[in-house]
Every structure is written in structure tokens, then in C-alpha cells.
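Down below is the structure, laid out as C-alpha cells.
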Amino acid sequence: MQKIIKLLLLIYLLIVSSVFAEDKTTGNLITNGNFETGNSTGWTTSGDVQVLTDCCELNNVTSTRDLEFGDSGSITQDFNLTSNAITQAMLDTNGVTLNSTVEVQNGECAVSGCWGGSGPLDTFTITLKIKDSDGATLATVTQVRTDVTGINGANFTNTVIHNGSGSNVGNIFIKGEDGNAPGTLGGPNVDNISVTMNYN
């Protein structure tokens with residue numbers, strides 16, 4: 001009889017916890033993702049990168065500045081996954097999903113339709129990570145692309161999931177390389193970078 005009561009209590013607790021669970025999505029966790037500050041504040045940069053005045057509107061988002069890669073460069077940013085409203089216990093219990101969107105303008109290539117000049121395909125790499133509080137990587141996804149875009153650029157997305165415990169810090173790393181190096185800021189341009197977190 002006690003086993004039946006315990007089983008019924010467990011079933012009740014599972015039903016109650018699923019009824020009160022709520023899937024939520026944060027706002028953008030990235031600092032200075034559109035570079036409208038005129039600089040790369042909030043980012044750790046390496047190699048040949050520069051924030052410049054530039055054009056273009058993609059998906060009704062107007063931009064006057066973006067970050068441009070030269071021969072080879074990278075940017076990276078860590079961001080907290082916990083806050084006053086999102087506790088470590090919440091993330092440990094239900095896991096997290098990070099979703100990134102990076103607007104890339106990539107036009108230098110040797111194929112028909114390129115607007116940015118001639119030469120080999122430029123490469124851009126986007127890595128999205130979930131780390132614990134000690135900086136150890138719990139989950140990661142990396143995409144290396146050579147996609148050619150129009151003058152207005154295109155959005156590229158990545159998703160990484162960690163269902164275990166310990167999710168505490170997120171990281172995005174973006175690298176651009178000019179296939180026609182050496183040159184002057186001939187690599188891809190990035191803008192309107194965002195990362196959101198889905199949690200329960």
C-alpha cells in the first residue's frame with residue numbers, strides 16, 4: 001500500500017511540475033552586437049578587424065556601421081546565462097538552448113553574381129558554446145561557411161543545446177578570412193549579432 005501511495009505522489013508531483021513549467025526566451029545576450037557605438041566595445045578582438053561606417057538594411061534593420069575582417073581576424077564575447085530572474089538551479093534542472101543570428105556580408109568571390117570583387121571565396125566561422133562557471137565547455141557547435149551574399153548581407157543561424165547541469169556562461173566566436181589575402185579589409189563583414197537563450 002505504501003508503494004502505491006508513493007507512486008501516486010510521484011505521479012502527482014510530475015504532473016504539477018509540468019503544469020507550472022514555462023518555456024521562456026531571453027532578449028539578446030550580446031553587448032554591442034550592431035557596432036553602432038563606432039567601436040568593438042564588449043568584444044575581444046584578434047588579428048585584422050575594424051569597425052567602419054557602412055551601408056545596408058537587412059530584414060528592415062538599418063545599420064550605419066559594421067565590423068570588417070581583413071586578411072584574418074576574429075571576435076569573441078562571453079555572456080552570463082544566469083541573472084536575478086534566471087537561477088543556476090533553473091538551468092541545472094531543465095537545460096538550455098542558445099540560438100545565434102549573425103548578419104554576414106560576404107561578396108568577394110570568383111563566381112557569377114558577386115558584387116564585392118574577384119578572387120577566391122572568403123571564409124567565415126561561427127562557434128557557439130555553453131560553458132560552466134569554471135570555463136569548461138559543456139556543448140559547442142561550429143559552422144565554417146563560404147556562402148556568398150548580396151550587398152545587404154544574409155543572416156546565418158546556429159543552435160547549441162545542453163540538457164545537463166552546469167550551464168552558466170555562453171560564448172560566441174566569429175572569425176573571418178580573406179581568400180584573396182593579402183589585402184586591405186577584404187574579408188567578410190558582420191553586423192546585428194544576437195544570441196538568445198531558451199530555458200524552462
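Being a predicted model, the structure only gives us computed values, none of them experimental.
Side-chain polar atoms of N198 and T25 form a donor-acceptor pair below 3.5 angstrom. If you check the side chains of N99 and T159, you find a donor sitting under 3.5 Å from an acceptor. Between the side chains of S72 and D178, not a single donor N or O lies within less than 3.5 Å of an accepting N or O. Side-chain polar atoms of Q143 and T125 form no donor-acceptor pair below 3.5 angstrom.
No side-chain heavy atom of I130 sits under 4.5 Å from any side-chain heavy atom of T140. In this structure the side chain of T64 reaches within 4.5 angstrom of the side chain of E36, judged on heavy atoms. Two residues are said to be in side-chain contact when any heavy atoms from C-beta on lie closer than 4.5 Å; V102 and I172 meet this criterion. Between I30 and S194 there is no side-chain heavy-atom pair separated by less than 4.5 Å. When side chains are defined from C-beta on, L98 does not count as touching Y199, because their heavy atoms never get closer than 4.5 Å. For the pair T196/L29, no side-chain contact is recorded, criterion being any heavy-atom separation below 4.5 Å from C-beta on. Taking the side chain as every heavy atom from C-beta outward, M90 and T82 never approach each other to under 4.5 Å. The shortest distance between side-chain heavy atoms of K24 and E22 falls below 4.5 Å.
For the atom pair CG (D71) and CG (D122), the distance works out to 10.0 Å, reported to the nearest 0.5 Å. Rounded to the nearest 0.5 Å, atoms CD (E68) and OG1 (T53) are 9.5 Å apart. Expressed to the nearest 0.5 Å, how far CD1 of I75 lies from CZ of F173 amounts to 9.5 Å. Taken to the nearest 0.5 Å, the CZ atom of F69 stands 7.0 Å off from the OG atom of S74. A distance of 12.5 Å separates OG of S40 from CZ of R65, quoted to the nearest 0.5 Å. The distance from atom CD of E103 to atom CG of D191, rounded to the nearest 0.5 Å, is 5.0 Å.
Checked against side-chain hydrogen bond (donor to acceptor under 3.5 Å, both in side chains), T41 has the following partners two or more places apart in sequence or in another chain: N39. Checked against side chain to side chain contact (heavy atoms under 4.5 Å, CB included), N94 has the following partners two or more places apart in sequence or in another chain: N200. Residues satisfying the salt bridge (charged side-chain N to carboxylate O under 4.0 Å, His left out) test with E177, not counting sequence neighbours, are K175. Not a single side-chain hydrogen bond (donor to acceptor under 3.5 Å, both in side chains) links N80 to another residue, sequence neighbours left out.
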Criterion side-chain contact (heavy atoms from CB on, under 4.5 Å) on I193 and I174, from CA distance to verdict: CA-CA 10 Å; I193 300 164; I174 305 168; 3.6 Å; yes
side-chain hydrogen bond (donor to acceptor under 3.5 Å, both in side chains) between N168 and Q88, intermediate numbers included: CA-CA 7 Å; N168 186 265; Q88 187 66 60; 2.7 Å; yes
Stepwise side-chain hydrogen bond (donor to acceptor under 3.5 Å, both in side chains) check, T76 with N171: CA-CA 7 Å; T76 187; N171 173 271; 2.9 Å; yes
Stepwise side-chain contact (heavy atoms from CB on, under 4.5 Å) check, V169 with S133: CA-CA 7 Å; V169 176; S133 59; 5.9 Å; no
Check against side-chain hydrogen bond (donor to acceptor under 3.5 Å, both in side chains), T37 and N32: CA-CA 7 Å; T37 59; N32 194 23; 3.1 Å; yes
Criterion side-chain contact (heavy atoms from CB on, under 4.5 Å) on I126 and T142, from CA distance to verdict: CA-CA 6 Å; I126 302 170; T142 298; over 6 Å; no
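A salt bridge (charged side-chain N to carboxylate O under 4.0 Å, His left out) check over residues 74-91, counting only residues at least two apart or in different chains, returns the pairs D78-K131. Counting only residues at least two apart or in different chains, ring pair (Phe, Tyr, Trp, His ring centres under 6.0 Å) contacts with residues 141-168 comprise F124-F156.
Without hydrogens or angle criteria, Q77 side chain to T44 main chain gives no donor-acceptor distance under 3.5 Å. Judged by distance alone, with hydrogens and angles left aside, the side-chain atoms of N34 form no donor-acceptor pair with the main-chain N or O of N192 at under 3.5 Å. The closest donor-acceptor contact from the side chain of N189 to the backbone of D66 lies at 3.5 Å or more, if one exists at all. Using a distance-only test at 3.5 Å, with no hydrogens or angles considered, no donor-acceptor pair links the side chain of W43 to the main chain of G33. The backbone N or O of D134 sits less than 3.5 Å from a side-chain atom of D132, completing a donor-acceptor pair. Judged purely by atom type and a 3.5 angstrom limit, S167 has no side-chain atom pairing as donor or acceptor with the backbone of V96. Between the side chain of T26 and the backbone N or O of M197, at least one donor-acceptor pair lies under 3.5 Å.
Residue T31 comes nearest to G42 through the heavy atom pair CG2-CA, 4.3 Å, listed as atom of the first residue, atom of the second, then distance. Here the shortest heavy-atom pairing between N28 and V195 reads OD1-N, 3.0 Å. For S165 against L138, the heavy-atom pair with the smallest separation is O-CD1, 3.9 Å.
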